[in-house]
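All values reported here derive from a predicted model rather than from experimental measurement.
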Amino acid sequence: MPAIAASSALQRFRILDLSRVRAGPSCVRQFSDFGADVIKIESPPGTDPNENMGGPRHGPDMQNLHRNKRAMTLNLKLPEAKDVFMRLVKTADVVVENFRPDVKFRLGIDYESLAKVNPRIILASISGFGQDGPYRDRPGFDQIAQGMSGLMSVTGLPGQGPVRTGAAIADVSAGLWAALGVMTALLEREVSGKGQWVQSSLLNAGIGLLDFQAARYVMKSEVPQQVGNDHPTSMPTSAYKTKDGYINVAASGDGMWKRVCQAIGREALASDERFKSNESRAANRAAINAVLNEALQAKNSAEWIEMFNRIGVPCGPIYKMDQVFADPQVRHLGAATEVEHPKLGRFKILSQPVKLSRTPAEIKTAMPELGAHTDEILTELGFDKKQIAELRKKGAV
């Protein structure tokens, strides 16, 4: 049966997915959710010592990352399997891998080798530290990149010591930047007719995520510090205690600060020398936080959230995960959606966050079982039953 496209947006493209764990799959998911024919290529059972690196196949993480794909097995260490792979490359637009940088050269599936077979092919390589340089061959991991990029140095309370963020943001952002690079390469190919090698790394992704924090250093040599829930430069922006819990308030700029002063009945604070400008409020963050934590004890969180938003001051609750998915706006956005799995039945996974008005993404199929479409894909490539049986006998698939 033909691939079931999740959307018509990218239906004309074929992606060969050699990736594993999170960074590579986060890249590929952008294409599978928008209808590309994604073929997830894995090693046959028992041939890859790292086959469980991404966690259990039927667990939430794998099911969330690998929906809307077809799956086949290939033992790329065998010449017969490599021949099959290169036949696939002739039909493909993009190959995505996040092996350690030397692996693709050992397997003979580096960009130059692929381009000889298909000059239009785009190879996306995601690594821990880059495809060259002194750390090229180090194994990459999200938390290592968080530490080396500086993310952990600005996360947490003052003096607390380094703290990792609560999500695998270096992994995910490296995948998303790779996806942006592939999209750019596909657009450029429409002009040149040629593919190219797209590269991203967890280290560079972590630095990129720091954005204005890193820019403060490279432009002005300012080394940002831990400030906990406070915004580094714009106060009062923090988490504040109310009568029944905590809320986030983000009062950026003099106008919002004046409205906060009026809302809490402390208008005189707006002209207090300690709080008259963004710079002075940031310098006196402990004092301004003390004032707000005291004043906000007067009402419940829901009352403050309603009041501040009504007067144009951004304010919101601080949710646990169950509260996130119970929120009416989150439900309206459709942040989670149901999928049907042949063994697991119906369950929910995360939806595609990007919305397109005319060709939206959908979740059409759950993560396939290992090698579920191997025969189907080989048949599409022109292999007959006898040839497929021979490939299985040799352990190539």
**OP:** For residues Gly195 and Tyr111, report the shortest heavy-atom separation together with the two atoms involved.
**Re:** O-OH, 3.0 Å
Original post:
Got a sec: does the CZ of Arg346 have more than 12 other heavy atoms crowding it under 6.0 Å?
Top reply: yes
Original post:
Just one of Glu369, His66, Glu42, Gln63 clears the side chain to side chain donor-acceptor pair (under 3.5 Å) bar with Arg57, so which one?
Top reply: Glu42
Original post:
In terms of heavy-atom contacts, does CZ of Phe383 have more than 12 from other residues, nucleotides or ligands at under 6.0 Å?
Top reply: yes
Original post:
Quick one: are Phe85 and Leu107 in side-chain contact, heavy atoms under 4.5 Å?
Top reply: no
Subject >> Presence of salt bridge, Arg281 and Asp272, under 4.0 angstrom >> reply: no
Original post:
Does a donor on one side chain sit under 3.5 Å from an acceptor on the other, for Gln262 and Arg259?
Top reply: no
Original post:
With side chains defined as the heavy atoms from C-beta onward, is the minimum distance between Val38 and Asn68 less than 4.5 Å?
Top reply: no
**OP:** Taking atom CZ of Phe141 as the centre, report whether more than 12 heavy atoms of other residues, nucleotides or ligands fall under 6.0 Å from it.
**Re:** no
Original post:
Should we say atom NZ of Lys393 is surrounded by more than 12 heavy atoms from elsewhere, each under 6.0 Å from it?
Top reply: no
**OP:** Show your reasoning for whether side chain to side chain contact (heavy atoms under 4.5 Å, CB included) applies to Leu186 and Arg189.
**Re:** CA-CA 5 Å; Leu186 286 169; Arg189 193 180 71 176; 3.9 Å; yes
Original post:
Any side-chain heavy atom of Pro368 within less than 4.5 Å of one from Lys40?
Top reply: no
Subject >> Side chains of Leu88 and Met72 in contact at under 4.5 Å (non-hydrogen atoms) >> reply: yes
Original post:
Do other residues, nucleotides or ligands put more than 12 heavy atoms under 6.0 Å from Phe105 CZ?
Top reply: yes
Original post:
Sequence neighbours excluded, which residues qualify as side-chain contact (heavy atoms from CB on, under 4.5 Å) partners of Ser201?
Top reply: Ser127, Leu203, Asn204
**OP:** Any pair with a residue in residues 190-210 that passes salt bridge (Lys or Arg N to Asp or Glu O under 4.0 Å), sequence neighbours left out, goes on the list, sorted by first then second residue, please.
**Re:** none
Original post:
Is any side-chain heavy atom of Trp197 closer than 4.5 Å to a side-chain heavy atom of Leu114?
Top reply: no
Subject >> Lys348 with Glu338: basic N within carboxylate O range, under 4.0 Å >> reply: no
Original post:
Taking atom types as modelled, is there a side-chain donor on Gln352 or Glu362 under 3.5 Å from an acceptor on the other?
Top reply: no
Original post:
Who are the side-chain contact (heavy atoms from CB on, under 4.5 Å) partners of Arg106, not counting sequence neighbours?
Top reply: Asp102, Val103
Subject >> Stepwise side chain to side chain donor-acceptor pair (under 3.5 Å) check, Ser125 with Glu97 >> reply: CA-CA 5 Å; Ser125 295; Glu97 59 88 15; 2.5 Å; yes
Original post:
Would you find more than 12 non-hydrogen atoms of other residues, nucleotides or ligands less than 6.0 Å from Lys258 atom NZ?
Top reply: no
**OP:** Answer yes or no: is there an ion pair linking Asp17 with Lys69, defined by an N-O contact shorter than 4.0 Å?
**Re:** yes
Original post:
Cut-off 3.5 Å, side chains only: do Asp244 and Ser301 have a donor facing an acceptor?
Top reply: yes
Original post:
Does the side chain of Ile15 come within less than 4.5 Å of Leu10's, by heavy atoms?
Top reply: no
Original post:
Do the charged groups of Arg22 and Asp61 touch, with an N to O distance under 4.0 Å?
Top reply: yes
Subject >> Sequence neighbours excluded - salt bridge (Lys or Arg N to Asp or Glu O under 4.0 Å) pairs with any residue from residues 282-307 >> reply: Asp230-Arg285, Glu306-Arg310
**OP:** In plain terms, say whether Arg67 and Asp33 are close enough for a salt bridge, that is, a side-chain N and a carboxylate O under 4.0 Å apart.
**Re:** yes
**OP:** I would like to know whether Val260 and Phe308 meet side chain to side chain contact (heavy atoms under 4.5 Å, CB included); could you show each step before the answer?
**Re:** CA-CA 8 Å; Val260 168; Phe308 282 131; 4.1 Å; yes
**OP:** Could you pull out all residues at least two apart from Lys220 that satisfy side-chain contact (heavy atoms from CB on, under 4.5 Å)?
**Re:** Glu222
Could you pull out all donor-acceptor pairs under 3.5 Å where a side-chain atom in residues 150-167 meets a protein atom, sequence neighbours excluded?
unit_1	atom_1	unit_2	atom_2	d
Ser153	OG	Gly150	O	2.7
Thr155	OG1	Leu151	O	2.7
Gln160	OE1	Leu157	N	2.6
Arg164	NE	Gln143	OE1	3.2
Thr165	OG1	Gln146	OE1	3.1
Thr165	OG1	Gln146	NE2	3.2
Thr165	OG1	Ala167	O	3.1

Subject >> Phe347 CZ: over 12 foreign heavy atoms closer than 6.0 Å >> reply: yes
Original post:
For Arg100 and Asp137, what are the C-alpha separation, side-chain angles and deciding distance, and is it a salt bridge (Lys or Arg N to Asp or Glu O under 4.0 Å)?
Top reply: CA-CA 7 Å; Arg100 282 165 67 163; Asp137 294 324; over 6 Å; no
Subject >> Ser252 side chain to Ser234 side chain, donor-acceptor N/O pair below 3.5 angstrom >> reply: yes
Subject >> Smallest separation among heavy atoms of Ile311 and Ala263, with atom names >> reply: CD1-CB, 3.9 Å
